[in-house]
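Below you'll find the structure, written out as structure tokens, and then a few comments.
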Amino acid sequence: MRIRLLPLLLLPLFITAAGCRIAAPHAATMPRDAVTQVATIDALLAGVYDGEVTLAELRRYGDTGIGTVNGLDGELLLLDGNFYQIRADGRVYRPDPNEKTPFAAVTFFQPQQHYPARPWTEKQLCAQIDRWAPDRNLLLAIRITGYFTRMRTRSVPAQRPPYRPLTAITEKQPEFELEKVSGTIVGFRLPSYVKGINVPGYHWHFITADHRHGGHILNFQIISGRIELQTLARFYLLLPRHSAGFAAIDLGQDRTEELRRAEQ
Ligand SMILES: [Zn+2]
């Protein structure tokens, strides 16, 4: 595996404490066939980077998903019940279960369909998934375990208040180009009507098989692997009840163009 970090960030390397597996205390009582989401994408775009839900709480709603952590400190990925935080240095950390998230979406992943991957660009793969799961008005959870000739990702640097809008930060986002790499994609294809709440269409994060690199996916080319899909028809929102930032923000604006700039 050859890894090029773009740009090379001269950040001090801090290795977090040993990883933790977060227990799911009341998982049995939670609806398992649902996507559960913390806050809204438009609040994140507007700079509401501190949430109230801990990762330990979020884990009660799913074992698979994506998001970010408080202070916008990197990209979050939940895989097989374990949280991974890909920070702006391109490395993967294991966040503390008491860490909170301002935006995330999770589910208990129980794939109903699976297919082998062939050599496809991201665009070709999306078109293929659209053929396998043609109902664009339901929620689709996706996990792809595979081998990639290229995988381009990004992360975001941790912020301090007063927070700037997300596009001001992603304009200078660190990007990472991984080549000939094995790993897992986790994400969702969501309907157009989630506009303002989440990201319509495909949004996915990546982690290498050795759990050392990853990030929010910008582009990739897959060679082989396994594509697993789960269609879901329940959508739960956990909104911040005591957040001054969330309460004060104007969520009446159309932020479609901001989202397009922030996601790419
Ligand atoms: Zn993302």
Side-chain angles (χ1 to χ4, degrees), residues 6 35-51 53 55 58 62 64-79 82-93 95 99-107 109 122 125-126 129 139-144 148 151-159 163-178 183-191 194-208 211 213-220 255-264:
L6 303 175
V35 173
T36 300
Q37 180 185 319
V38 172
T40 71
I41 191 71
D42 276 14
L44 193 76
L45 286 167
V48 182
Y49 299 147
D50 289 325
V53 176
L55 299 185
L58 184 63
T64 303
I66 56 176
T68 184
V69 295
N70 271 16
L72 201 69
D73 190 6
E75 308 284 350
L76 185 70
L77 187 145
L78 174 60
L79 175 63
N82 296 306
F83 283 104
Y84 302 95
Q85 177 185 11
I86 302 104
R87 301 175 82 178
D89 61 0
R91 295 177 187 274
V92 179
Y93 298 80
E99 185 82 61
K100 292 177 179 169
T101 174
F103 180 75
V106 301
T107 188
F109 193 62
E122 180 183 21
L125 174 59
C126 291
I129 292 174
L139 316 165
L140 189 70
I142 304 162
R143 183 172 67 188
I144 303 170
F148 304 82
M151 172 62 72
R152 190 175 181 86
T153 64
R154 73 103 194 270
S155 186
V156 277
Q159 300 297 303
Y163 292 136
R164 295 172 297 153
L166 187 58
T167 50
I169 295 151
T170 56
E171 266 167 22
K172 294 174 191 150
Q173 64 192 6
E175 298 185 3
F176 315 104
E177 181 93 24
L178 308 170
T184 303
I185 291 173
V186 169
F188 296 95
R189 186 197 67 191
L190 297 179
V194 305
K195 184 166 102 74
I197 295 173
N198 202 311
V199 179
Y202 290 88
H203 176 198
W204 34 31
H205 292 181
F206 179 74
I207 188 165
T208 57
H211 295 171
H213 301 276
H216 166 102
I217 294 178
L218 298 175
N219 204 286
F220 64 84
R255 297 181 193 266
T256 306
E257 177 56 21
E258 274 179 72
L259 178 64
R260 191 190 63 73
R261 281 164 52 206
E263 286 297 302
Q264 66 184 21

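Order of listing sets the numbers, starting from 1, for every ligand and every atom in it. Because the structure is predicted, anything quoted here is derived from the model rather than measured.
Ion pairing between Glu75 and Arg87 fails under the 4.0 Å rule for side-chain N and carboxylate O. A salt bridge does not link Arg261 to Glu258: none of the charged nitrogens lies less than 4.0 Å from a carboxylate oxygen.
A donor and an acceptor atom, one from each side chain of Tyr49 and Asp73, are nowhere located under 3.5 Å apart. Using a 3.5 Å distance cut-off with no hydrogens or angles, the side chains of Asn70 and Glu99 do not pair a donor with an acceptor.
Taking the six-membered ring for Trp and thresholds of 30 and 60 degrees, His211 and Tyr84 have ring planes inclined between 30 and 60 degrees apart.
Residues Phe103 and Leu76 are not in side-chain contact: their nearest non-hydrogen atoms beyond the backbone lie 4.5 Å or more apart.
The set of protein atoms (N, O or S) found at less than 2.8 Å from the Zn ion (ligand 1) reads His203 NE2, His205 NE2, His216 ND1, by chain and number.
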